[in-house]
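Residue numbers start from 1 in every chain, and the chains themselves are labelled A, B, ... in the order their sequence lines are given, proteins ahead of strands. Atoms considered below: every heavy atom in the structure, side chains included; atoms not considered: hydrogens, waters and symmetry mates.
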Amino acid sequence: MPLSVDERWDLIDKISKQTVTFGAYKHTLKDAIAELTVKPLTGIPVAIAVIYGFWSFFGDFAGTLFTDGFMVKLFDEHWLPWLQSVFPGGLGNPLYALMVDAGHIENGVLVASDTCFESFGVLTSGLFVPFGVVLWAVVAFYLMFAVLEDVGYLPRLAVLVDTILHKIGLHGYAIVPTFLSLGCNVPGVTAVRPLETRKQRFLMITLLSVFIPCGAQIGIMQDLVPELMGWIFLTLAIGYLGFGFILNKIVPGKSPEIVMDVPPYQMPMWRNIASKLWIRTSRFLLVAVPFVLLGCLIVGLMYLTGAMDWLAAVFGPLLMGWFGVPEETVAPLIAGFLRKDLAVGMIGGLMERGLMTTFQVFTSVVLLCIYFPCLATFVMMLKEENGKEFLGSIVSLVAMVFVYGGLIHLVGIMLGVA
Amino acid sequence: MKKEKSKMQSAKLPLKAVAIVALVLLALSSAVISVDAHMPRAKPLPEFELEPISIYDGDTLIDISIDDIGDYHGEICVCGGCAFRATQLGISKILGEEIPARDDIKIVSRLPTPGSRDCFQYITGTGPGIETKTKGEYKVILPDGTAVVNLSNKDLKKVSNDNTLDNFRFDVCRKSTGECFKVVLKLGVFSEDYFELRKKVKFDIPENATSEEKALFKSEWEDTRDKFLTSPDWVLFEGVEEPEEEEPDVVGGATFFSILVIGLILLVGLVYSRKKAS
Amino acid sequence: MDEGEAKLGRLYFAVLGAVALAFGAAELIASAGGGFTWGILDSSGAANPLFLPWRAIILLSAGFFYLSSVKDFAEVHQLAKSVMASIMIWIVAGMAIWSRIAGSIPGEETWFNTLDGFLASYAPPYCPEMFLLPFSLVIVYYILKEEEAEK
């Protein structure tokens, strides 16, 4: 016989009296630790330590162990010399220059390159950049990111940075696309979807595509200019917050609050981490490698046809006068439209040949970070924004590049280093 | 930094104004772009760390860096770099860690070039435009014993056209005690054809240099300059012993590594036992 | 945990906190001049010069956490501060050890390092955080005690 409503409630009371105990909730050690990592006074020093661990692991894994330890030897001491000896044509031959080694002029003579950074060939730089440098950087980044995600630390980081990000019209949640963009800008732009208003999405996409360098770029920077990394990131962070503040003031619209779930801390599940790592890394390689190869090919063709020299002559005065970088930076800037890691690698080649001062390297790398998103991000932006927003992003980008780039040059002149 | 001076022709008023504006712009641009009088468009300096030369000028302690020499001369060149390193070595050999007084330093150089002259004059306080309370001594005596009295650029150019490695010898002396250290540049610092190329490129002796020879000399000049900025003393000068390579501390490393391995085993054991218990 | 253990913990972490604070302050001041070396203690040699003051700030914070946890040490929120301080030291020391491991495996001219070269990579000097690491592990005892009490 079905129970009446009152009988049902009586049964519930009887069962709960036998099974449920009531009392004051006593904080466990885990709860207390969770609280500490969220309150600013204790949470910020912890965040500083966690981020230190993140970057330290990244630098040693990607740079010291794999790239400098094995990949440079493999590519520069075996792959490059072997290709230089077996590929038909030889130095000076157009196909050889395109595929293996463009060489460089020393004392009026064309000489072969010593490293895969300098060679700019599709089969040399084109393979060294993604497999020799970027792959390890991306693996290290996504590994640490997955660990932080699984442990439950990322939402707490979001709570900590919420107040600061409010000043630029965003919320703590923005740390998630920001962090993702440090791996690759494409998932970072995608992660903007949960933001409620168009203003927030526009702000986030514009700032990400300009001021957040991707893991590939960071990997190359770590390899070439580890001593400048801190300054580069500081400059980008200042730009991110400064221009974010300005954009927040001038872009119409609202930035409503976001509710985020902050899960309890837990031990990371290594199966989860392995699976996330595999998916993100393999997807990244599938997208990145073709673009790097294409980038090498296009840049090589432009050098061969003289188009690069023409562009250097046209844009050289602007680059030298306004940004304080040599006209040779034109080639990396063009390559940077396809792949920023390739572009930074090209700057490395210029640096190794002594064609740029330290400040010029710094300015060029920052310029590369901010001047235009890579093609993949560009496509993503087209997908996520409407026509007006996309145009707004591009206009903001151009303005930011000129203002910020010029400002960096001015500061350099005032400090006497430019 | 020496600013470029341009010749001004007399002109009518509007042309005069244009010329003045052009002159101002030229002066401003030369403040930004470093003008290399010796070697146009020389490649930028490499990364280097050179300790400054510390001396007492009266009671005042002065640190003279290679950049100070570069600013005084107009750039850091091969001879300036060599002179700086030679003085540094000489002082360290005679005085060790002690800091010399400026007026106690005497330098006899066999190198009649503006770069080394400016460096030695800056250090001894004997050059024009240097504010100093005390002065040391600086002489140029060629390898054949001829004393070069007139040290103007024009006069130095006359005597320096057949410079060789022999000219790169310097006596750094302590006047109060008479101690001297003879600094001699090692064979191999300059490339074999450096001085021949220099004669051709700078003095057209025996004939004008080709553009390839000019490019080659420029590259060798840059490499030699960089050597003086980055190489250790034992590579550059005679009489300096190569420091012994430190033996790696294998025992210390093995001890630490063992502690690390034991710690890791204990940690894994602890985690495993807790998992088993739960 | 009993009163004796709590008292011992209070004393121990007060001393450890003071030492961490002193090391952190020394590192921060020395980072302006590129770090310091004193016997087998070495606070220099980071690939990125910004890592030196960064590490120093973490050590200073850990020191403050330890010292602030001393009052009413047995209370869970105070114990949590000691745990966090220890975790911060583990992160920095752990990364210093990881850096040595990463540097010890590849050889200079050859693919892999020789045995001598491998072992020599772990030789002193060490950064201050590595010295504090074994002492910071004592907190594990108190964590296990607390978990027992929670059961």
Side-chain angles (χ1 to χ4, degrees), chain B residues 44-55 61-68 84 88 92 96-97 99 229-235 242-278, chain C residues 33-35 37 39-42 44-45 47 49 86-87 89-91 93-105 107-109 113-127 129-148 150-151:
Chain B
L45 297 173
E47 295 278 337
F48 65 90
E49 273 180 43
L50 277 182
E51 293 288 321
I53 295 173
S54 300
I55 56 171
L61 179 66
I62 305 174
D63 284 334
I64 300 173
S65 69
I66 186 70
D67 292 314
D68 295 327
F84 185 85
Q88 213 169 35
S92 74
E97 297 290 322
I99 299 173
L229 294 175
T230 57
S231 299
D233 286 342
W234 64 269
V235 168
E242 183 179 349
E244 271 173 31
E245 230 181 79
E246 259 181 61
E247 286 288 319
D249 182 4
V250 176
V251 172
T255 310
F256 181 84
F257 187 71
S258 318
I259 295 170
L260 202 64
V261 168
I262 292 167
L264 201 64
I265 292 169
L266 286 172
L267 181 70
V268 168
L270 181 71
V271 169
Y272 181 70
S273 64
R274 278 169 60 77
K275 260 196 173 160
K276 220 175 165 186
S278 63
Chain C
T37 308
I40 58 169
L41 198 63
D42 176 41
S44 59
S86 295
I87 291 174
I89 290 175
W90 297 346
I91 289 173
M95 288 304 110
I97 293 170
W98 164 245
S99 186
R100 296 224 178 199
I101 294 171
S104 68
I105 298 171
E108 283 207 25
E109 311 286 327
N113 210 346
T114 58
L115 181 65
D116 275 0
F118 175 82
L119 291 173
S121 307
Y122 297 96
Y126 306 113
C127 63
E129 291 80 6
M130 277 166 75
F131 284 99
L132 294 176
L133 176 64
F135 299 103
S136 66
L137 291 171
V138 171
I139 199 70
V140 174
Y141 173 77
Y142 287 96
I143 293 172
L144 293 172
K145 276 279 167 190
E146 182 63 26
E147 284 187 350
E148 248 179 63
E150 279 166 15
K151 280 185 194 151

Report task. Please check if atom CZ in C/Phe135 has more than 12 non-hydrogen atoms from other residues, nucleotides or ligands closer than 6.0 Å. Result -> no
Query raised in the report: Of the backbone (N, CA, C, O) and the side chain (C-beta and beyond), which part of C/Leu115 lies under 4.5 Å from a heavy atom of chain B, both, or neither?
Result: neither
Report task. Starting at CZ of B/Phe257, measure out to CD1 of C/Ile97 and round the result to the nearest 0.5 Å. Result -> 11.5 Å
Query raised in the report: What heavy-atom pair brings C/Pro124 and B/Asp249 nearest, and what distance separates the two atoms?
Result: CD-OD2, 3.7 Å
Report summary line: Nearest heavy-atom contact between C/Val140 and B/Leu270 is CG1-CD2, 4.1 Å
Query raised in the report: Would you call the rings of C/Tyr122 and B/Phe256 parallel, tilted or perpendicular, where under 30° means parallel and over 60° means perpendicular?
Result: parallel
